[in-house]
Structure formats: C-alpha cells, structure tokens
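Written out below as structure tokens is the structure these notes cover.
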2 protein chains.
Amino acid sequence: MALIAPDKETQIPDIVIGRLPVYLRALSFMHQQGKRTTSSSELGRRLGISSAQIRKDLSHFGEFGKQGTGYHVQHLIKELRLILKLDNIWPVAVIGAGFLGHALASYNGFEERGFQIRWIFDTDPTQIGKVINGITIQSMNELENTIELKHIKIALLAVPAVHAQSVTDRLVDAGVEGILNYAPINLVVPDHVNIGYSDPVVQLQHMTYYINSDDQF
Amino acid sequence: MALIAPDKETQIPDIVIGRLPVYLRALSFMHQQGKRTTSSSELGRRLGISSAQIRKDLSHFGEFGKQGTGYHVQHLIKELRLILKLDNIWPVAVIGAGFLGHALASYNGFEERGFQIRWIFDTDPTQIGKVINGITIQSMNELENTIELKHIKIALLAVPAVHAQSVTDRLVDAGVEGILNYAPINLVVPDHVNIGYSDPVVQLQHMTYYINSDDQF
DNA sequence: TAGATTGTTAATCGATTAACAATC
DNA sequence: TAGATTGTTAATCGATTAACAATC
C-alpha cells in the first residue's frame, strides 16, 4: 500500500487541511472571549481570508452552519477537532535538549490543543538525567526502543543541522510518522512520513524581499 | 506564511518569493559540500519540487543558468541573496525573554544567513539587565525609543498570546515592517507590514490529519 | 415576516507542468 | 559533434471568488 489515507481523504486538497488548524485557533480564541456564534464573514475578516473560502473549505467535510445565523462556535470547534484527529492527546517526543529543546519542553501551550511533550532525548552525557518540566532527558541510545515501545508517532526535531537527516532516518525506521523539523535543512523521507518545517530564517528572508532597506544600513 | 499582497508592479507571485529562501538554503548546503554546479533537476530532486518549477521561478528574475551545464552554485547564491535583499545583515529585535526568547537570542545560525539579533526586550524587572549571548535584556519601556533610534525593521515576537496584538501595535507604530510571530494567535496589521507565523501546534494539527491514530491510544 | 447567511455552482484566476527550440 | 540543460510557451491542473437559491 503506497498511501495511508483513503481515497475520500486524499481528495481534499492539502492546502485546505492546512487552513483548518488556523480556523480552529481563531474559533478557540472567540470561544474564550465568550462568543457563541460566528459567521464565515466574521471569521474571514479576522483571518484575512474571504468568507467564500471558509465556507468552501468547510463544505468538504459536511454542513456545520445554519443559514441566517452562521456557525455555533463550540460545535464547529468540536467538528474540526474530530476532522484533525485531535479528540485524543497525541504524545510527542522532543529530540535535542539544547536551548530550543528546552523551550519546547517547557512550553505549556501544547496540551490544551491536542499534544503533550512526554519524552526528550539528547546525546550529551551532562544533560542526560536532568529534568525539564517534569520530563527526564533520555539518552539517544534509547531512542528506537522508546519509540517502538510507546508507539510514538510525532517528534519535534531540535538537533543541529548536521545530524538532522541521520536522526530523521532513525525516527522513521522506528515508526515516527510526523516530524516537525527545526533544523535549517531539507529532509528526505518516505512518502508516508509528514514533515513540517520551522526555520525562522526562511521566513525572515521571505519578508526582506518586501522591506525597503534604504534607511536601514 | 501570510504576507502582504505583492506589489502589482513586481507581478512576481508571493508563492515564488517564498520558495527562494528554500532554494538558497539548499544551494548553500551544496556549496558547503563543495559542489560547484547544479541543475534544476538535481535541486528539484533534493527539494521534492519539479525542475520546471525551479526554472520558471528563477526566470522571473533573470537568466542565471547555462544550457548544457546548469547553474553555478556560488553565482546563484549571490543572485538570490541580492533578490532577497540579504547583501547586508539585518539587525533584529527579540520581544520577550522567556524560554523561547532565550533560545532565539542564543541561536548563532542567524548571522551567516543575513540577520543578527541585537536587542531583546522584556517586562520582567528580574530579567532586565541580564545578558544573553552578549545582548542585554532591555525594559519594554524602551521599546519605541530604541526601534525609532536604531531604525529597527524586523522583530521576533515571543510574548504570551494575550499580549501579542498590543505589542504588535506598538512595534508597527514605531516603524517595524516585518514580524515573525511565535504567539498562537492571528495578528491584525496594516497592509505594509509583513507577518510570518510560527505556531508548532498549527503544524502538528496539520500532520495529524494524515496520521492513523489507531494504535496510538 | 424580512434580513442574514449558508452551501454550492460556475466562472475566474493563478500556478504547475510538459514539451521543445535554443544553445552551451 | 552529441549530450545535456536551460528559458519559455502553451496546455493542464487546481484554487479562489462571485453569485445566488435555499432556508434559518
């Protein structure tokens, strides 16, 4: 079997899937503010997206609104969580206990949004055994065993660029299917593995194209 | 990354601009490996992009290759740096000196790619005056003055979500034109301001759609 | 009811790809 | 030269938007 996703799911454009978490984040914000209902136009205004696009995106998955009144915020949140498989907490491993790994392991914003950092790995003997936010730093020697034993599917990769590909290969071999890569390098993985990239420099370099540098230097 | 609409004058699609930093990163990697020339097909293979797309993207800016032999790596790097305005080092401010702000200020991978973290701000009196990687944490009271005095154009926003919009308003009023937002919230800014988003949870929630959770829970 | 807003269709807009003459 | 690869065109593919009947 070449692909995991069934036909019906593959028919939905990936770009649509990518917007759902943004909708979810905005809806959760509205919910916190006490808003009970919203409309595609209100949501679109907040996100800088057309109302038509929001309605079209949602229509791939069902009918979640009511003519005349719009969407019930809490209900739409629940539906989006189901679509994105967020009805359980995904356990996550952090690879690399440098400054960034520390920051990720210390961040408490994951759990309410569907994830929990449960493991952190490093090669540095002086780091191994230390505890960050209740998580004990493990040796990279235990990587494969732990992944297989705990059925870890998702990892945050915060190792130096030179090691990113080799660690990725180990993660994939052990069964990881989703990697958020913080190293500034492109990873090569099998088709069934999902990679997300987080390289701040790439984003900054995108911006500088649009920023006039005349009075900067 | 959500950016302002490209100038009608430039006519170059924003999605093309967004790929240039990725090309640049891959080319720099090749250069480090000692590669002197490459081709659109080799580059495409590495990045999972078609060779036609790479040639088309580059053709918006000029003719950088040679039939039969491809592209001179070092030359193409130089051209891309010019296009993206990376021929000088952009000074950058970090807002927020929590774990993430610390990690950003401590990261030494910015400078060789066109950026230098030069300022870091926080409200916490116990943090102000401390030094991270040679940078003294300043009071948020000095934010506007410093931005205006130093003509700061780019900021990394690493403050709690509840403060992200109000701090953004202050940054924009003071003259900042590019913000990389690490807070899990959508920002509203004027058209001329470029926003990049870095919310790991949004990326993880995108992945989980494709990951089978059957044996996970 | 009258106004508001959905879900959906068709048209428009934009991006990607295949193909190939040019040429190193 | 012969093989390789570019830059570009036209065709294809896909995504966004405008518009509106349905209906709350």
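Computed from heavy atoms alone, side chains included, the values below leave out hydrogens, waters and symmetry copies. The structure displayed is predicted, hence computed values, not measured ones.
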What is the distance, to the nearest angstrom, from the [atom1] atom on [X] to the [atom2] atom on [N]?
X: A:Ile15; N: D:dT16; atom1: CD1; atom2: C1'; answer: 10 Å
X: B:Gln11; N: C:dG14; atom1: CD; atom2: C1'; answer: 13 Å
X: A:Leu43; N: C:dA4; atom1: CG; atom2: P; answer: 19 Å
X: A:Ile54; N: D:dA15; atom1: CD1; atom2: C1'; answer: 15 Å
X: B:Gln53; N: D:dC13; atom1: CD; atom2: P; answer: 16 Å
X: A:Ile12; N: D:dA15; atom1: CD1; atom2: P; answer: 12 Å
X: B:Phe64; N: D:dG7; atom1: CZ; atom2: C1'; answer: 12 Å
X: B:Glu63; N: C:dA22; atom1: CD; atom2: P; answer: 14 Å

| Do the side-chain N and O atoms of A:Gln53 and A:Asp57 include a donor-acceptor pair separated by under 3.5 angstrom? |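 No, A:Asp57 and A:Gln53 have no side-chain donor paired with an acceptor closer than 3.5 Å.
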Quick check for you: among [options], whose closest atom lies nearest to any side-chain atom of [X]?
X: B:Arg55; options: D:dT17, D:dT8, C:dA15; value: D:dT8
X: B:Lys66; options: D:dT17, C:dT16, C:dC24; value: C:dC24
X: A:Ser39; options: C:dT6, C:dT17, C:dA15; value: C:dT6

Just by distance, do the side chain of [X] and the backbone of [Y] share a donor-acceptor pair under 3.5 Å?
X: A:Trp90; Y: A:Lys85; result: yes
X: B:Tyr197; Y: B:Leu187; result: yes
X: B:Lys153; Y: A:Asn212; result: yes

| request: Provide the Watson-Crick or G-U wobble partner of D:dG14, both distances under 3.5 Å; none if there is no partner. | output: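 Pair assignment: D:dG14 / C:dC13.
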| Counting only Watson-Crick or G-U wobble pairs whose two distances fall under 3.5 Å, which nucleotide matches C:dT23? |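 D:dA4 - that is the nucleotide pairing with C:dT23, both distances being under 3.5 Å.
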Does [X] place a side-chain N or O at less than 4.0 Å from the phosphate oxygens OP1/OP2 of [N]?
X: B:Tyr71; N: D:dA4; answer: no
X: A:Thr69; N: D:dC24; answer: no
X: A:Ser50; N: D:dT16; answer: no

| field | Rounded distance (nearest 0.5 Å) linking atom CZ of B:Phe115 with atom CG of B:Leu180 | value |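 Output value for this atom pair is 10.0 Å.
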| task | On DNA chain D, check which nucleotide each of B:Gly68 and B:Lys56 is closest to and give me the residue with the more 5' one. | result | B:Gly68
| Along DNA chain D (nearest heavy atom to each residue), the more 5'-positioned of A:Gln67 and A:Arg19 | A:Arg19
| Which comes earlier along DNA chain C counting from the 5' end, the contact point of B:Asp57 or that of A:Thr38, where each point is its nearest nucleotide? |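 Nearest-nucleotide comparison on DNA chain C picks A:Thr38.
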| query | With a 4.0 Å cut-off on heavy atoms, is B:Ser40 in touch with a base, just the backbone sugar-phosphate, or nothing at all? | reply | sugar-phosphate
